[in-house]
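Report on the following structure.
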There are 2 protein chains.
Amino acid sequence: MSVLKRIYQHPLLSPEDVNTIINAHEKVHFKKGDYLLKKDQIAKKYFCVEKGLIRSYVYDYEGNDITTGFVGENELAIDVISLFHEIPAVEYFQALTDCECYSIPLNDFQILYHSIKGFNEWGRAWMSGSLFELKQRTISMITESASERYKTLRSKHPQILQQSPLKYIASYLGITDTSLSRIRKELVRES
Amino acid sequence: MSVLKRIYQHPLLSPEDVNTIINAHEKVHFKKGDYLLKKDQIAKKYFCVEKGLIRSYVYDYEGNDITTGFVGENELAIDVISLFHEIPAVEYFQALTDCECYSIPLNDFQILYHSIKGFNEWGRAWMSGSLFELKQRTISMITESASERYKTLRSKHPQILQQSPLKYIASYLGITDTSLSRIRKELVRES
DNA sequence: AAATCCACTTGCCATAAGACAAGAAACTAC
DNA sequence: GTAGTTTCTTGTCTTATGGCAAGTGGATTT
């Protein structure tokens, strides 16, 4: 099944709605290092990732960039809050590898979003899913140790470990690349 | 204006709807130390806080309890995800002081929630507001230092500093009570 | 009033984590 | 090929943070 069919599966979207929406999409390519969205911009679109890896990040109070999330294949690169509340983004979204994505042009998106009732609902569902995931992550940052979080990431999203430099994974886990390197050494020793 | 009128202000709730909803509420008292919701329970109701202070917390991987949030007067003590998704809570909600709250009995809530269209919308608005706040907090935990976060809390929610023991505020800020004590000392020295 | 309990501060010490830097290995470019 | 990046590891050293414990001051109880 295509990326888009997968992403637009929703009880309130009929196959015809889905087709209408899918047909409004156009292919977009990003080169490694390209920005999909920058801090202070208002998100006007989102991207369905078919191939590649994207990371979101912010700068901490010491100027280090801290990874806040990864978006892999068959996932959506979307700043839910910026897009649906029309407020400036607080994060940067940058391609870690060359990427192939699909996106709806702003105009079509706005028309469809307001005319197809289920599309609206689909947006709300994304909002609620985002809340769920963010909460989970917040809790896991507290209740799990860095090495546990690493092991979880390794088992649930192995492709990230393959495609992302260590330093970005480290900051995602809340530690430095040095510490992560030592955690990995420790894990090898254990097995 | 009463707590309830304040909380149920919403463009899609007519004054009559609001009255219907408000009349379904009953007063609930909590003693200091009482639990409003415990981990692994599915939230069946939420509480409109008229007087007192509530805190939510989880246990970290070393067994320390970590404050995840405070709920003050005129605010809602609600686990949005547990309530609307009907899944077990991950946090504990506990009264830090004696509290006076309002709550709808489960039955009435379910009936009104599904029959008053705007009530439904009100629930969604809370979901989206929760996402916004959680994101803000996540970002501030990264982009601000502990002492900056303390200063922000002090200026935005001074009543929390009055009503909560230092150790709970400290864990909310991501540090120990010892460290917070030193930060406060430093801030006094500065001024 | 004495005895407890908590909340908070503060000093001392231990330690986990980060800063820094060097070096190996892989990859890219010319 | 060689030079230049970038990634990752690893050693040493430093430091911020936490653990522990003592001590003060308030509040509460008996």
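Naming convention: chains lettered A, B, ... in sequence-line order (proteins, then strands); numbering from 1 in each chain.
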Between CG of L166(B) and C1' of dG26(D) the distance, given in whole Å, is 15 Å
Side-chain N or O of K185(B) closer than 4.0 Å to phosphate OP1/OP2 of dT10(C): yes
Under 4.0 Å between a side-chain nitrogen and a carboxylate oxygen: does that hold for E73(A) and R6(A)? no
Within this structure, what is the CZ-to-P distance between R184(B) and dT10(C), rounded to whole angstrom? 10 Å
Regarding T20(A) and D17(A), is there a side-chain donor-to-acceptor distance under 3.5 Å anywhere? no
Keeping the roles fixed (side chain from T67(B), backbone from S171(B)), state whether a donor-acceptor pair exists under 3.5 Å. no
Mind listing the N/O atom pairs, protein and nucleotides 17-19 of chain C, below 3.5 Å?
unit_1  : atom_1 : unit_2  : atom_2 : d
dG18(C) : OP2    : T176(A) : OG1    : 3.2
dG18(C) : OP2    : S179(A) : OG     : 2.3

Any donor and acceptor pair, going by atom type alone, linking the side chain of S103(A) with main-chain N or O of F47(A) inside 3.5 Å? no
Starting at atom CD of E186(A), determine the distance to atom C1' of dC8(D), rounded to an integer number of angstrom. 17 Å
Tell me, please, whether Y172(A) has R137(A) positioned over its six-membered ring: NZ or CZ under 6.0 Å from the ring centre and within 45 degrees of its axis? yes
Quickly work out the D177(B) CG to dG19(D) P distance and round it to whole Å. 9 Å
Detail all sub-3.5 Å separations between protein N/O atoms and N/O atoms belonging to nucleotides 23-25 of chain D.
none

K32(B) NZ - dC5(C) P separation (whole Å): 15 Å
Would you say I175(B) and Y150(B) are hydrophobically clustered, going by side-chain heavy atoms of ILVMFWY under 4.5 Å? yes
Can you tell me the distance, in whole Å, between the CG atom of L180(A) and the C1' atom of dT10(D)? 14 Å
Gap between atoms CD1 and C1', on I66(B) and dG18(D) respectively (whole Å): 12 Å
Let me know the distance between CD1 of I183(A) and C1' of dT9(D), rounded to the nearest Å. 14 Å
Kindly say whether P105(A) contributes a backbone atom to a donor-acceptor pair with the side chain of D108(A) at under 3.5 angstrom? no
Phosphate contact (dC8(C) OP1 or OP2) by K167(B) side-chain N/O below 4.0 Å: no
Counting only heavy atoms not in K27(B), do more than 12 sit closer than 6.0 Å to its NZ atom? yes
Measuring from R55(B):CZ to S164(B):OG, what's the distance to the nearest 0.5 Å? 7.5 Å
